[in-house]
Amino acid sequence: MIDIEHLPTETVPLDVLRTTQTPRLSGRNDEHARVLREAPGPLPPIVVHRATMRVIDGAHRVHAARLRGAREILARMFDGDERDAFVLAVRANVTHGLPLTLADRTGAAARIVRSHPHWSDRAIAAETGLSEHTVAGVRRRSTARASQLNTPRTPRTPDAPDATGADPADDLPQPTARLGRDGRLRPTDGCGRRTAPGAERWPAGSSRNAPTRRCARSPGSRASPPRRPAMSASA
């Protein structure tokens, strides 16, 4: 898990920041931004995705800084991909600041199910502040929706908009194993709740957005029961 407090910090110009693709379905809360503007002292650092300069956490602080007339703001810089950046945005806004609503967190879970399909329900629940039961329901609805998409579309990256308006993450293949909070892969194709062959714990600090291993068993790999010794006629 990424520790936001350990991300590198630098000062960035406000006019290069993007505040789109927030987990908040209702968008910015201007009243909350005005409260932050009146707060004494400097604003806490925001979190920014370096590759796109999109604000991961702190859109209200960015607006408050603009209301103060500032031109720059202190930011912690995240260097991962955009899918992991969204997960980080959800985690940050579940644990502090203006909390995400239930609808926000449910919508975020649906997006994470599609962008990180190999994550277990428990792992997604931990990131979104939902129960495993709720995430399982979100996954079932997402899978049903994906199976009904019959319109051919040009494959896109999970972070690029789709010309038809559909979520581009719907094009991602469904995994045969899911990654738990303990960093282990567990098969989803009936092989049982055990560590998939060859699976290892995820290295610290690495992205969990990685291909899954297929759980397979050769026809002759199932152990046969031991034969009972033949009994002699004199027995």
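Throughout, residue positions are numbered sequentially from 1 according to the sequence presented.
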Answer yes if [X] and [Y] sit in the same cluster of Ile, Leu, Val, Met, Phe, Trp and Tyr residues linked by side chain heavy atoms under 4.5 Å apart, and no otherwise.
X      : Y      : answer
Leu130 : Trp119 : yes
Val47  : Met53  : no
Val48  : Phe86  : no
Val35  : Val62  : no
Leu36  : Leu67  : no

I'd like to check [X] versus [Y] (side-chain heavy atoms, cut-off strictly below 4.5 Å). Are they in contact?
X      : Y      : answer
Ile124 : His116 : no
Arg111 : Val90  : no
Thr19  : His63  : no
Val12  : Met77  : yes

Drop me the distance from Leu98's CG to Asp104's CG, to the nearest 0.5 angstrom.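 Separation between the atoms: 9.0 Å.
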Taking every non-hydrogen atom, the tightest pair across Ile4 and Ala92: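 In this case the closest contact between Ile4 and Ala92 is CD1-CB, 4.0 Å.
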If you take all heavy atoms of Pro23 and Ala89, which pair is closest and at what distance?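 Closest pair (atom of Pro23, atom of Ala89, distance): CG-CB, 4.0 Å.
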Could you walk me through whether Asn93 and Thr22 pass the side chain to side chain contact (heavy atoms under 4.5 Å, CB included) test, one step at a time? CA-CA 10 Å; Asn93 285 280; Thr22 171; over 6 Å; no
Going by side chain to side chain donor-acceptor pair (under 3.5 Å), name the pairs with one or both residues in residues 32-44, residues two or more places apart or in two chains.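 Found Glu31-Arg34.
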Any side chain to side chain donor-acceptor pair (under 3.5 Å) pairs touching residues 43-55, not counting sequence neighbours?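 Side chain to side chain donor-acceptor pair (under 3.5 Å) check on residues 43-55 returns Glu10-Arg50, Thr20-Arg54, His49-Thr52, Arg50-Asp79, Arg54-Glu82.
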Side-chain ([X]) to main-chain ([Y]) donor-acceptor, under 3.5 angstrom:
X      : Y      : answer
Arg66  : Leu14  : yes
Arg61  : Pro45  : yes
Arg139 : Pro117 : yes
His60  : Asn29  : yes
Arg114 : Ala110 : yes
Ser142 : Val138 : no

From the options Val113, Val87, Ile112, Leu100, select the one residue that forms a side chain to side chain contact (heavy atoms under 4.5 Å, CB included) with Thr128.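 With Thr128 as partner, side chain to side chain contact (heavy atoms under 4.5 Å, CB included) holds for just one option, Ile112.
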